[in-house]
Amino acid sequence: MDLQHVGALFAIEGEYVGCEQIKTGNINQTYLVTYHRDGEDKKYIIQKVNTYVFKNPEGVMQNIERVTEHIRAKVKETEETAKRNVLHFLYTPEGKNFAYDEEGNFWRGYRFIDNSITHNNSNLFIMLEAGKGFGTFQKHLSDFDASCLFESIPDFHNTKKRLEKLFAVAEKDEFDRVKTVETELEYLRSHYDLACSLCTMLEKGELPLRVTHNDTKCNNVLLDVDTNEALAVIDLDTVMPGLAAYDFGDAIRFGANNTIEDDPEYSKVFLDLDKYDAYCKGFIATIKDSMTAKELETMHLGAYVMTAELVARFMTDWLEGDVYFKTDYPEHNLVRTKNQYWLAYDMEKKLDEMQKIVLKYSK
Ligand code: ADP
Ligand code: GN1
Ligand code: MG
């Protein structure tokens with residue numbers, strides 16, 4: 001693909017060298033673009049935002065601008081931290097942080113943070129650093145006024161609504177696929193209360209709403225290429241009011257799975273408690289002082305809730321004919337559903353141990 005015309009919308013200077021697609025995300029299309037200027041290659045990240053998923057992309061960009069501005073003020077001690085610990089946008093000549101192409105596609109761009117890397121597969125050190133990165137992000141935003149954020153995807157982690165939607169879609173069974181997920185569907189029906197436990201506590205006012213990232217995969221934290229230390233949190237489309245346990249939980253769901261989230265070899269799917277422990281060490285130790293006792297006591301439930309929610313979301317997409325998540329092959333969403341089901345199944349047995357580990361780092 002030739003992204004020169006998109007680069008021109010942001011008036012990127014220099015000679016266009018080329019681009020490569022980064023295929024890790026399930027929603028937007030991301031490209032690494034290179035330009036040659038002043039005798040060196042300069043890299044940029046350019047993304048086409050999925051407007052089926054983000055109905056108001058300009059609102060999303062306003063959220064991200066506000067959030068990064070707030071973080072920028074906190075990381076400005078040195079030129080190095082100001083550059084590498086927060087995202088910086090590309091702007092059009094009119095001063096906008098987005099642009100539409102002639103076909104109406106919505107584009108945005110970032111400066112590439114030098115000497116940074118992300119990992120799609122975790123290890124103990126990556127989990128520790130990802131935990132510190134997301135913990136620091138949460139800390140930076142603890143004094144941010146959440147009321148100025150618009151909800152980029154309403155009810156994003158409202159597990160009750162996610163399950164109710166799934167049950168309605170299964171009732172219709174438009175593509176005759178329910179027969180392929182009967183066990184997993186029945187599991188969600190019988191685990192409704194546990195899957196919705198955090199929602200219920202939120203409704204009762206037992207847990208506080210904070211500003212959360214809501215998509216805390218380990219590949220959404222940039223690490224220093226040499227030291228692997230956390231630099232900046234990226235992929236900010238879903239920053240919204242939420243529960244701290246959502247951020248904790250989604251990071252565990254993705255990073256502490258013994259394998260990747262779409263591995264079809266389900267015998268490899270289980271919660272790796274060492275990776276779980278490493279993430280707790282980074283995340284809980286960073287945020288514990290600003291958490292309530294109830295948040296810390298229930299944090300581990302986030303991991304189960306997020307995993308059950310993803311069983312529901314992947315299954316809903318499978319039953320609806322694959323309209324939401326990008327897929328690489330016809331049964332991709334079915335494989336993701338079953339993989340996440342086995343992870344939830346395993347986590348359920350480890351909940352006590354998981355709670356103990358959070359509490360160990362809460363002291
Ligand atoms: P997606 O929605 O595709 O996950 P991300 O914003 O997470 O989009 O970007 C995908 C990948 O591109 C990241 O995992 C990271 O490797 C790289 N990336 C994104 N933004 C930057 C940046 N500003 N600097 C360096 N690398 C980046
Ligand atoms: C999507 O865009 P990406 O790949 O970081 C999804 C997350 C899911 C994740 C599952 C906006 O995240 O909610 O947890 O896939 N993002 C959106 O891999 O729906
Ligand atoms: Mg990402």
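Just so you know, residue 1 is the first one in the sequence shown, and it goes up from there. Numbering of ligands and ligand atoms starts at 1, following listing order.
Salt-bridge formation is detected for the pair Arg108/Asp237: a Lys NZ or Arg NE/NH1/NH2 atom is positioned less than 4.0 Å from an Asp or Glu carboxylate oxygen. A salt bridge links Arg177 to Asp322: at least one charged side-chain nitrogen sits closer than 4.0 Å to a carboxylate oxygen. At a threshold of 4.0 Å, the pair Glu203-Lys160 counts as salt-bridged, since one of the basic side-chain nitrogens sits closer than that to a carboxylate oxygen. With respect to the salt-bridge test (charged N to carboxylate O, under 4.0 angstrom), the residues Lys350 and Asp272 do not qualify. Lys132 has a carboxylate O that lies under 4.0 Å from a charged side-chain N of Glu129, or vice versa, which qualifies the two as a salt bridge.
Distances between N or O atoms of Leu222 and those of ligand 1 include no value under 3.5 Å. Annotation: Tyr110 places no N or O atom under 3.5 Å from an N or O atom of ligand 1; distance criterion only.
Ring centers of His332 and Tyr329: under 6.0 Å apart, within the cut-off. Between Tyr345 and Tyr304, the ring centre distance reaches or exceeds 6.0 Å. Residues Tyr110 and Tyr44 keep their aromatic ring centres 6.0 Å or farther apart.
Judged by the shortest distance from any of its heavy atoms, Asn220 lies inside the 4.0 Å radius around the atoms of ligand 1. Ligand 2 lies nowhere less than 4.0 angstrom from a heavy atom belonging to Phe254. Look at Arg111 and you'll find a heavy atom under 4.0 Å from some atom of ligand 1.
The closest approach of Asp235 to the Mg ion (ligand 3), by N/O/S atoms, is made by OD2.
Closest to atom 20 (N) of ligand 1 among all protein heavy atoms lies Ile45 CG1, 3.6 Å. The nearest heavy-atom contact from the protein to atom 5 (O) of ligand 2 is Asp215 OD2, 2.8 Å. Closest to atom 19 (O) of ligand 2 among all protein heavy atoms lies Tyr324 OH, 2.6 Å. Arg313 NH1, 3.9 Å is the protein heavy atom nearest to atom 8 (C) of ligand 2. Of the protein's non-hydrogen atoms, Asn26 ND2, 3.2 Å is the one closest to atom 15 (O) of ligand 2. Protein heavy atom nearest atom 24 (N) of ligand 1, with residue, atom name and distance: Ile113 N, 2.9 Å. Looking only at heavy atoms of the protein, atom 5 (P) of ligand 1 is closest to Gln47 NE2, 3.4 Å. Looking from atom 14 (O) of ligand 2 to the surrounding protein, the closest heavy atom is Arg253 NH2, 3.4 Å. For atom 1 (C) of ligand 2, the closest non-hydrogen atom of the protein is Ile27 CG1, 3.7 Å. For atom 13 (C) of ligand 1, the closest heavy atom belonging to the protein is Ile234 CD1, 3.5 Å. Among protein heavy atoms, atom 2 (O) of ligand 1 sits closest to Asp235 OD2, 3.4 Å. Atom 26 (N) of ligand 1 has Phe112 CE1, 3.4 Å as its closest protein atom, hydrogens excluded (heavy atom only).
For Gln138 and His213, the side-chain atoms include no donor-acceptor pair closer than 3.5 Å. Asn339 and Asp263 are not linked by any side-chain donor-acceptor pair at a separation below 3.5 angstrom, with hydrogens and angles left out of the test. Side-chain contact annotation: Asn28 with Thr30, donor-acceptor N/O pair under 3.5 Å absent.
Of all the heavy atoms of Asn214, none lies under 4.0 Å from any atom of ligand 2, so neither backbone nor side chain is involved.
The residue among Asp114, Ile22, Thr118 with a heavy atom at the shortest distance from atom 16 (O) of ligand 1 is Thr118. Summarising the contacts of atom 3 (O) of ligand 1 with Thr24, Thr30, Leu32, the nearest heavy atom is found in Thr30. The closest non-hydrogen atom to atom 9 (C) of ligand 2, taken over Glu309, Glu261, Lys217, comes from Lys217.
Atom numbering of ligand 1 starts at 1 in the shown order; those under 4.0 Å from a heavy atom of Ser116 are 25 (C). The distance from ligand 2 to the heavy atoms of Asp235 drops below 4.0 Å at these ligand atoms: 5 (O). Near Gly25, with a cut-off below 4.0 Å to any heavy atom, the atoms of ligand 1 are 1 (P), 3 (O), 4 (O). The contact set between ligand 2 and Phe54, taken as ligand atoms under 4.0 Å from a residue heavy atom, comprises 11 (C). Ligand 1 places these atoms under 4.0 Å from at least one heavy atom of Leu87: 23 (N). Near Asn219, the atoms of ligand 1 lying under 4.0 angstrom from a non-hydrogen atom of the residue are 13 (C), 14 (O). Atom numbering of ligand 2 starts at 1 in the shown order; those under 4.0 Å from a heavy atom of Gly25 are 4 (O).
Residue side and main chain included, Asn220 places an N/O/S atom under 2.8 Å of the Mg ion (ligand 3).
By the 30° and 60° cut-offs, the orientation of the rings of Phe248 relative to Tyr279 is tilted.
Put simply, the residue from Asn121, Asp346, Leu343 that forms a side-chain contact (heavy atoms from CB on, under 4.5 Å) with Asn257 is Leu343.
Heavy atoms from other residues, nucleotides or ligands lying under 6.0 Å from CD of Glu171 number 12 at most.
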